[in-house]
Amino acid sequence: MTSTASSTDTRKDLAPHEQRSSWQGRLRRFGHRPVAAGPARDADLAERLVPPYTQPGPRLWAALCLPRRLGDRLARWSGWGGPLLVTLLAGVLRFWHLGSPKAVIFDETYYAKDAWALVHRGFEVNWDKNANDLILSTGGHVPVPHDAAYVVHPPVGKYVIGLGELMFGFDPFGWRFMTALLGTLSVLMLCRIGRRLFRSTFLGCVAGALMAVDGLHFVMSRTSLLDGVLMFFVVAAFGCLLIDRDRSRARLAAALPVDADGRLRPDAYVAETARLGWRPWRWAAGLLLGLAIGTKWNGLYILAAFCVMAVLWDAGARRVAGAHRPYLAALKRDTGITFLATVPVALAVYLLSWLGWILSPADGTGGYFRDWAATEGRGGRWTFLPDWLRSLWHYEHEVYTFHVGLSSPHTYMSNPWSWIVDGRPVSYFYESPSPGTDGCPVDAGDKCAREVLALGTPMLWWAACAALVYVLWRWFFRRDWRAGAIACGVAAGYLPWFLYQERTIFFFYAVVFVPFLCLAVAMLIGALLGPPGTSDTRRVAGATGAGVLVLLIAWNFIYFWPLYTGTAIPIEDWRARMWLDTWV
C-alpha cells in the first residue's frame, strides 16, 4: 500500500471525517489498512498484478566477499538450487534405515496388505490373522487370498503404496518407499510454493526446511499410512492453483492498456470482460484433488475450500485491474471454468480410481459389494443405471454410515482442540529391549525404550500457534492474500474435524495441514527479518531472532530423533522426552 506525508488515505477530495468508514477508523488502531484508490493505486499496477521476486542486495555479496557477477549468478541458480538442497536433506533423513523397525507398525497392518491385494487382485481381501508374521518371516512370499474384504477408504493411496511394493518387495522398505518418496517431494514442492507465495527464495527454502524437520511429517513419510499420500496431493493441488493465479494475472495484465509513460492503466471494461483461457494448471489442480478424494474422503472439504479460494483470487485480480464489480465479473467469467476444471474432473478421477473393483467379477468372487445390484439391490427406481454404479453407490453409502458412526474408544484417540499444541501424539510402535539387544546399550542398566511416536516437532508446532495468530491478523487487517491462502489451507485440513469431535479420530490426521503451518512460520520469520530497506540494526535484531527460532526447531527435531525412528534409548532418556503427561 502507498501513503503520502499527511495521510494514509489517498482520497484527498473528501473531508477527513468522510475519508473512511467508522469501522475502518476503529480498526486502524489494530493495523487495518483500507484498500488504496486513485493514482497511488495505479502507480504500481503491473507489480500488483504480478509482483517481482526479491533479489539479494549488493550488501549481501559484499558481506560474503563475493563478486557481484558471481552473486547474481548464484541468485539465478538459487531458485532451484536452494529447494533441491533442502530436498536432498529431507530425502536422506526419510530414507535412512527406512525398513526399520522391521515390523508391521500401527495401521500398516491394513494398508500395506490392502495395497498388495489391490495391485494383484484389483480389490482388497481378507487376510489370515497371522499374515503379518508370515509376511515378515518369508520376505513377503505369501499367497494373496481371494475373499473380498470390507474396507472404508478409497483405493488411490493404497495403489500408491502398492507401487512401492511392486518395485521393492512386500516388506517394510517396499511398503514405505512411496510414502517416503512423496514426503520428500512434498518438501521440494513446499520450497517452490513458498518461493512463489512470498516472492522470496529464502523464505521458500525456510518453509521447506521446517517441514523437513517436522516430526509428524517425518514419521508419516516413513510409515505406509494414507494421510501422507493425501497431504502430497493437497500440496500439489495448492501449488497448481498458485501457478494458475500467476499465469492468469499475467494474462490479465497483458490485456490492459498502457499509458504514454509505458505504465499499465486500469480499465473497467477489460477487467470485467477479459477471458483468461482454459487455464491448464487449474485442470491439473482438479485432477490432483480427485486423487486426494480418492485417497481419503476429507479431500472433499479441501476441494470446496480451494475452489472458493480460487474464485476469490480471480475477483481480486479483476478488482486490481479496475473492475467496478469484480465479484460479479469473476462469477460470469471465471466460476464456470473453475467448476468444470475441479468438480467434474475430481469426480471422474475418483470413479476411475475404482476401476479395479469395477472390472472385478460380479458373481460374488469380485470386490466387496460388487454383486449387490444383482442380488440384494435388485429392483427399485434406479435399475436403469449400470449395476456397477448402483453397487458402488451402495458401498459408498455403507462406508459413510460407518464413518459418521465410528465412536469406538481407542488409547490414542484425541480431540482436534489438542492437535495444534501437540497434545496427544500416536505411538505407532513400542518395544522394551533388554541391555545388549535390539540396539539397547549393554551398560543401560535397565530396559530401554524403542518407540515410533507420531509427534510434531514441539518447538515448530508451538511457534506455529503464534504464527497462525500473525497470519490471521495479516489477512484480516492488512488484507494480505498470502496470509489468506495459508489460513485457507490450515482451515480446510483442520476445521472439518471439529464436526466429528465424538468420533474416533487421531492427531496424525493433522499432517494434511502441516505444510501450511510451515508456511505460516516462514511468513512470521519474514516479518521478524523486516521488509526490504530496513536499517541494519533492525535487520540484525530480526535475523538473530529468526535464526534462534530456526535453530531451536532443528535442535528439537534432533532431540526427539530416537522417538521418530524407533532407536533404542535408556528408559530414563525416554522419560526425559515425555514433556507432557498426555504423550505417554
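Scope of the values below: all heavy atoms of this structure, side chains included, with no hydrogens, waters or symmetry mates.
- Partners of T342 by side-chain hydrogen bond (donor to acceptor under 3.5 Å, both in side chains), not counting sequence neighbours: none found.
- Applying the salt bridge (charged side-chain N to carboxylate O under 4.0 Å, His left out) test to R199 and every residue at least two apart in sequence or in another chain returns D246.
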*Given the rule in the side-chain hydrogen bond (donor to acceptor under 3.5 Å, both in side chains) test, do T338 and R282 qualify, once you have shown the distances and angles that lead to the verdict?*
CA-CA 7 Å; T338 298; R282 192 160 286 192; 2.5 Å; yes
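- Looking at heavy atoms from C-beta onward, P515 lies out of side-chain contact with S186 at the 4.5 angstrom threshold.
- With respect to R263 and D44, no salt bridge is recorded, no charged nitrogen being found less than 4.0 Å from a carboxylate O.
- Side chain of Y301 to backbone of L495: no donor-acceptor contact under 3.5 angstrom is found.
- Residues passing the side-chain contact (heavy atoms from CB on, under 4.5 Å) test with R482 are L197, F198, R474, D480, M523, sequence neighbours excluded.
- Summarising the geometry, atom CE belonging to M231 is positioned 13.5 Å from atom CZ belonging to F508; distances are rounded to the nearest 0.5 Å.
- Side-chain N or O atoms of E272 include none that pairs as donor or acceptor with a backbone N or O of P326 at under 3.5 Å.
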Would you give me the side-chain donor-acceptor pairs under 3.5 Å for residues 461-471, sequence neighbours excluded?
residue: W461; atom: NE1; partner: D214; partner atom: OD1; Å: 2.7
residue: W462; atom: NE1; partner: V421; partner atom: O; Å: 3.1

Identify all side-chain donor-acceptor contacts of residues 153-163 below 3.5 Å with residues at least two apart in sequence or on another chain.
residue: K158; atom: NZ; partner: E124; partner atom: OE2; Å: 2.8
residue: K158; atom: NZ; partner: H153; partner atom: O; Å: 2.9

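- No more than 12 heavy-atom neighbours from other residues, nucleotides or ligands sit within 6.0 angstrom of OH on Y327.
- With hydrogens and angles left out, the side-chain atoms of S224 and R176 include no donor and acceptor closer than 3.5 Å.
- The side-chain heavy atoms of F95 and L181, taken from C-beta on, include a pair separated by under 4.5 Å.
- With sequence neighbours left out, the salt bridge (charged side-chain N to carboxylate O under 4.0 Å, His left out) criterion links R192 to no other residue.
- Judged as a ring-ring contact (aromatic ring centres under 6.0 Å, His included), and not counting sequence neighbours, the contacts of F218 are F557, W561.
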*In sequence, state the C-alpha distance, the side-chain angles, and the governing distance for T457 and H217, and then conclude on side-chain hydrogen bond (donor to acceptor under 3.5 Å, both in side chains).*
CA-CA 9 Å; T457 303; H217 186 275; over 6 Å; no
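- Shown here are the side-chain contact (heavy atoms from CB on, under 4.5 Å) partners of I358, two or more places apart in sequence or in another chain: W354, W388.
- Side-chain N or O atoms of R539 include one that pairs as donor or acceptor with a backbone N or O of G530 at under 3.5 Å.
- Taking the side chain as every heavy atom from C-beta outward, T179 and L225 never approach each other to under 4.5 Å.
- Ring geometry, W419 versus F507: the interplanar angle exceeds 60°, so the pair is classed perpendicular (tilted spans 30 to 60°).
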Side chains of residues 235-242: which donor-acceptor partners sit under 3.5 Å, not counting sequence neighbours?
none

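- For the pair R245/W481, a side-chain contact is recorded, criterion being any heavy-atom separation below 4.5 Å from C-beta on.
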*Residue pair I337, W283: steps toward the side-chain contact (heavy atoms from CB on, under 4.5 Å) verdict*: CA-CA 9 Å; I337 190 66; W283 290 83; 3.8 Å; yes
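- Inter-residue side-chain proximity for P266 and L45 is flagged as met; some heavy-atom pair is nearer than 4.5 Å.
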_Residues R319, D314; criterion salt bridge (Lys or Arg N to Asp or Glu O under 4.0 Å); working and verdict_ = CA-CA 9 Å; R319 177 182 60 80; D314 290 335; over 6 Å; no
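- For R94, the salt bridge (charged side-chain N to carboxylate O under 4.0 Å, His left out) criterion is met by no residue, not counting sequence neighbours.
- Of the inter-residue distances, the one linking T87 atom OG1 with L188 atom CG reads 4.0 Å to the nearest 0.5 angstrom.
- Applying the salt bridge (charged side-chain N to carboxylate O under 4.0 Å, His left out) test to D267 and every residue at least two apart in sequence or in another chain returns nothing.
- W313 is not listed as a side-chain neighbour of R249, based on a closest heavy-atom distance of 4.5 Å or more.
- A donor-acceptor pair is defined here as one N or O able to donate and one able to accept, closer than 3.5 Å; no such pair exists between the side chain of S200 and the backbone of Y53.
- Looking at every heavy atom in both residues, R275 comes nearest to R333 through NH2-NH1, 2.8 Å.
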*Is there a side-chain contact (heavy atoms from CB on, under 4.5 Å) between Y494 and F516 once you walk through the steps?*
CA-CA 11 Å; Y494 186 26; F516 301 97; over 6 Å; no
In a table with atom names and distances, give each donor-acceptor pair under 3.5 Å that connects a side chain of residues 289-299 to protein atoms at least two apart or in another chain.
residue: T295; atom: OG1; partner: L291; partner atom: O; Å: 2.8
residue: K296; atom: NZ; partner: D227; partner atom: OD2; Å: 3.0
residue: W297; atom: NE1; partner: Y350; partner atom: OH; Å: 3.0

